[in-house]
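The block underneath contains the structure these notes are about, expressed in structure tokens.
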Amino acid sequence: HPMNTCPGKEKEEKEERERQEEEGEEEEGEVAMVDEEDSDSSQGEEDEGKERCPVRRDSAEEAVLRVARQNDTIMDFTNQPGASLVEQGIAAGYTLDAHLEHLDLTNNRIRVIESLDGLLRLQHLCLRQNLIRRIQGLTTLGALQELDLYDNHIRKIEGLEECTSLTSLDLSFNKIRSIVNLEHLTTLKQLYLIQNKISCIEGLSTLVNLTC
């Protein structure tokens with residue numbers, strides 16, 4: 001015979017099961033909400049950390065390694081003021097690849113041109129916007145074709161005796177008073193001397209290849 005059951009008891013048991021199920025759903029909902037809050041909090045902390053972290057510029061050494069990986073004939077040290085590389089002079093303490101053909105040291109507060117003796121293949125040298133007062137340190141750069149000394153503190157044209165392959169020379173925005181010591185640069189095609197203190201155009205008669 002089937003076992004007799006009490007309708008009242010069945011109802012109580014059913015209600016108890018429903019209550020337990022509802023409590024379980026509520027607990028799951030609370031856990032989900034906590035997880036979302038933790039996730040939002042951690043994401044906020046991460047974003048806040050990103051905002052607090054300043055953008056760090058490459059050090060001079062990092063710039064060397066970064067550019068060297070791209071092309072071992074080109075090095076760009078543009079805008080690296082304060083780095084040990086330029087505080088001590090150009091490339092002081094660093095070994096520049098002898099195969100280097102392009103070197104850009106724009107805006108580095110460089111005062112002295114030095115440590116370039118081994119760059120026998122260097123063709124393009126840019127020293128724009130520095131603190132250079134004298135043209136020197138270029139005696140071994142016989143392959144140099146372009147020299148850019150725009151916006152420095154140079155007072156006299158000198159130190160170019162061995163740079164006989166030059167085709168472009170930019171000395172604009174300096175403190176030069178006279179055009180001298182260029183007679184031997186017969187391959188020169190481009191010469192820029194704007195914004196200097198030159199009062200007389202002279203010393204250019206041998207530069208027969210000048211176009212501008």
Side-chain angles (χ1 to χ4, degrees), residues 56-68 71-185 187-188 190-198 203:
R56 184 174 62 85
R57 300 174 67 180
D58 286 349
S59 68
E61 183 175 11
E62 288 170 336
V64 172
L65 296 175
R66 170 173 52 80
V67 179
N71 188 332
D72 61 4
T73 64
I74 300 175
M75 280 193 179
D76 187 346
F77 289 101
T78 302
N79 298 320
Q80 293 292 336
S84 60
L85 174 78
V86 295
E87 287 178 343
Q88 300 174 34
I90 297 174
Y94 292 85
T95 301
L96 298 176
D97 195 313
H99 295 87
L100 203 61
E101 297 177 358
H102 299 252
L103 179 59
D104 192 336
L105 291 156
T106 299
N107 190 23
N108 275 281
R109 297 202 298 266
I110 293 169
R111 296 179 181 275
V112 180
I113 304 174
E114 60 184 359
S115 302
L116 300 178
D117 297 349
L119 304 182
L120 304 182
R121 298 188 181 184
L122 194 64
Q123 298 177 15
H124 306 272
L125 176 59
C126 185
L127 292 164
R128 281 184 163 228
Q129 297 172 328
N130 282 290
L131 304 173
I132 298 167
R133 294 180 178 274
R134 184 181 177 189
I135 304 174
Q136 60 184 7
L138 305 176
T139 55
T140 63
L141 305 185
L144 194 63
Q145 297 177 13
E146 296 183 12
L147 177 59
D148 191 340
L149 289 163
Y150 175 103
D151 194 8
N152 278 277
H153 302 297
I154 297 167
R155 295 180 178 274
K156 182 181 179 181
I157 301 175
E158 60 184 338
L160 300 173
E161 292 78 14
E162 306 300 325
C163 299
T164 54
S165 298
L166 276 181
T167 59
S168 178
L169 176 61
D170 194 342
L171 294 168
S172 302
F173 288 87
N174 279 281
K175 300 179 180 180
I176 297 169
R177 294 183 176 275
S178 59
I179 303 174
V180 296
N181 300 323
L182 294 178
E183 296 84 357
H184 62 291
L185 301 181
T187 58
L188 204 59
Q190 299 173 333
L191 176 61
Y192 303 97
L193 292 164
I194 62 171
Q195 290 298 318
N196 277 282
K197 298 183 177 181
I198 298 170

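We use all heavy atoms of the structure for the numbers below, so side chains are in, but hydrogens, waters and symmetry mates are not.
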| task | Check whether any side-chain N or O of Asp170 sits under 3.5 Å from a backbone N or O of Leu149 as a donor-acceptor pair, and report yes or no. | result | no
Test side-chain hydrogen bond (donor to acceptor under 3.5 Å, both in side chains), reference Arg128, set Thr106, Asp151, Asn152, Asp148, output is Asp148
Report yes if the side chains of Leu131 and Ile110 come closer than 4.5 Å at any heavy-atom pair, otherwise no. no
Is any side-chain heavy atom of Leu191 closer than 4.5 Å to one of Leu182?
yes
Any donor-acceptor pair under 3.5 Å linking the side chain of His99 with the backbone of Leu122? no
Q: Check whether any side-chain heavy atom of Leu169 sits under 4.5 Å from a side-chain heavy atom of Leu188, and report yes or no.
A: yes
**Prompt:** Can you tell me if Thr187 uses its side chain to pair, donor with acceptor, with the backbone of Thr164 under 3.5 Å?
**Reply:** yes
Sub-4.5 Å side-chain heavy-atom contact between Ile132 and Arg111 = no
Does the side-chain contact (heavy atoms from CB on, under 4.5 Å) test come out yes or no for Glu158 and Arg134, once each step is laid out?
CA-CA 8 Å; Glu158 60 184 338; Arg134 184 181 177 189; 3.1 Å; yes
Would you check if the side chain of Ser165 reaches a backbone N or O of Gly142 as a donor-acceptor pair within less than 3.5 Å? yes
*Heavy-atom check, side chain of Tyr192 versus side chain of Ser168, under 4.5 Å*: yes
task = Check for a donor-acceptor pair, side chain of Asn174 on one end and backbone N or O of Asn196 on the other, with a separation under 3.5 Å.
result = no
Here the ring pair (Phe, Tyr, Trp, His ring centres under 6.0 Å) pairs for residues 102-131, sequence neighbours left out, are His102-His124
